Amino acid sequence: MLEYNLPKYLPSAEELPDSDETPVDNELQELIPGLLKAILLILWAERMDWLFAIDMGIYYHPDKPAIVPDGFLSLGVERFYDEELRPSYVLWDENVVPIFVLEIVSQNYRKEYTTKLDEYAALGVLYYVIYSSRRRRKPHLEVHKLVNSRYELQEGNPVWLTEIGLGIGCERGNYCGVTREWMYWYDEQGQRYLTPAEQIKQEAQRAQQEAQRAQQAEQRVQQLTEQLRALGIDPNNLG
């Protein structure tokens, strides 16, 4: 955990800037974490003890600028404060360091392996995840776990995150009408959790199958009824 050396009186989230007015480098920096959040909103729909934020500032000192990852996950926090939601994530109010931070490497290098790595380690972020689809010789996805104050690269795709109870990985799929490599959550057996669109399609298929089974059952009943009547038996008077 981070040991704070902070002033006695601290500003609230509402008093701190909620944007550094720096635009994202590309659309993927919004869509990739957006997909992860969309899956969690269904997967953890009944849970109210988590927050997955996108492009939200993390404040660790009132006199220093916020750290703004592309996405981060905190466990053990209030899902919602009120209808205004969170303008930013203030560590001295939340008292919970994010357990998972995601950075999407853009065409413009943004110190993912230097300054940001050191900052997240100092905060005590357990999992630091870096994704870049532009790599040719290195894996597109890197999952770094904090061990003895230093990040260690984890092997595999997906990588099981024990403390979160989910796996993280990447594979080709379709989201928002775009077929490419996306990041997904996985279960412990390495099975990918479905996107919202895939879940809707799956439910529609199940409903269609149920309707077909009901229709087939009704047809079978009609056939049996006709067979009984052909034998001179009234199916309505069966004892």
Side-chain angles (χ1 to χ4, degrees), residues 19-20 22-45 50-58 67-74 98-117 120 125-145 151-161 164-206 208:
S19 173
D20 60 3
T22 300
V24 295
D25 292 311
N26 60 65
E27 197 173 4
L28 289 177
Q29 288 176 273
E30 176 185 356
L31 289 177
I32 290 176
L35 174 55
L36 293 175
K37 182 174 183 177
I39 296 172
L40 285 182
L41 286 170
I42 296 176
L43 192 61
W44 289 350
W50 63 277
L51 169 71
F52 192 97
I54 300 171
D55 199 31
M56 178 184 288
I58 301 173
I67 302 172
V68 187
D70 292 315
F72 70 85
L73 172 66
S74 283
I99 194 171
F100 171 103
V101 163
L102 171 65
E103 292 286 356
I104 310 298
V105 179
S106 65
Q107 190 170 0
N108 299 318
Y109 177 66
R110 301 177 304 154
K111 301 180 180 179
E112 284 84 2
Y113 291 97
T114 54
T115 303
K116 291 185 178 183
L117 186 145
Y120 294 138
V125 175
L126 183 59
Y127 291 104
Y128 175 32
V129 179
I130 304 172
Y131 174 79
S132 174
S133 59
R134 298 175 182 273
R135 292 173 178 156
R136 295 173 181 260
R137 297 184 179 180
K138 296 178 64 177
H140 292 178
L141 180 68
E142 291 185 359
V143 178
H144 301 263
K145 184 175 183 179
Y151 281 117
E152 294 183 358
L153 182 63
Q154 307 298 294
E155 298 293 334
N157 178 34
V159 175
W160 179 248
L161 313 176
I164 299 176
L166 293 172
I168 189 73
C170 57
E171 62 179 86
R172 289 189 67 80
N174 185 282
Y175 178 58
C176 292
V178 179
T179 299
R180 70 176 312 276
E181 184 179 73
W182 295 99
M183 289 182 62
Y184 299 96
W185 299 110
Y186 294 77
D187 64 19
E188 195 166 5
Q189 287 70 47
Q191 296 297 312
R192 176 170 71 82
Y193 285 109
L194 300 180
T195 69
E198 290 170 338
Q199 292 199 33
I200 292 172
K201 182 178 180 180
Q202 184 183 74
E203 290 300 322
Q205 290 174 339
R206 287 176 180 171
Q208 184 179 17

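A quick note: this is a predicted structure, and the numbers were derived from the prediction, not measured.
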Shortest non-hydrogen contact between [X] and [Y], atoms and distance:
| X | Y | value |
| --- | --- | --- |
| Ser74 | Pro98 | OG-CA, 3.2 Å |
| Glu103 | Tyr120 | OE2-OH, 2.6 Å |
| Val101 | Pro69 | CG1-CB, 3.6 Å |
| Trp185 | Leu161 | CZ3-CD1, 4.3 Å |

Using side-chain heavy atoms (C-beta onward) and a distance below 4.5 Å, is [X] in contact with [Y]?
| X | Y | value |
| --- | --- | --- |
| Val129 | Val143 | yes |
| Leu28 | Arg180 | yes |
| Ile130 | His144 | yes |
| Leu36 | Met183 | yes |
| Leu43 | Leu166 | yes |

About how many Å separate [atom2] of [Y] and [atom1] of [X], when rounded to the nearest 0.5 Å?
| X | Y | atom1 | atom2 | result |
| --- | --- | --- | --- | --- |
| Leu102 | Phe52 | CG | CZ | 6.0 Å |
| Ile39 | Lys37 | CD1 | NZ | 13.5 Å |
| Ile104 | Ile32 | CD1 | CD1 | 4.5 Å |
| Gln191 | Tyr186 | CD | OH | 10.0 Å |
| Leu73 | Leu40 | CG | CG | 6.5 Å |
| Asn157 | Leu141 | CG | CG | 6.0 Å |

Hey, what's the ring geometry for His140 with Tyr131, parallel, tilted or perpendicular (30° and 60° as the breaks)?
-> perpendicular
How are the rings of Tyr151 and Tyr128 set relative to one another: parallel (under 30°), tilted (30 to 60°) or perpendicular (over 60°)?
-> tilted
Would Phe72 and Leu51 count as a side chain to side chain contact (heavy atoms under 4.5 Å, CB included) if you check the C-alpha gap in whole Å, the side-chain angles of each, and the deciding distance to 0.1 Å?
-> CA-CA 8 Å; Phe72 70 85; Leu51 169 71; 4.3 Å; yes
Please name all residues satisfying ring pair (Phe, Tyr, Trp, His ring centres under 6.0 Å) with Tyr175, sequence neighbours left out, ordered by chain then number.
-> Trp182
Walk me through it: do Glu142 and Glu112 pass the test side chain to side chain contact (heavy atoms under 4.5 Å, CB included)?
-> CA-CA 11 Å; Glu142 291 185 359; Glu112 284 84 2; over 6 Å; no
Residues which pass side-chain hydrogen bond (donor to acceptor under 3.5 Å, both in side chains) with Asp187, listed by chain and number, not counting sequence neighbours = none
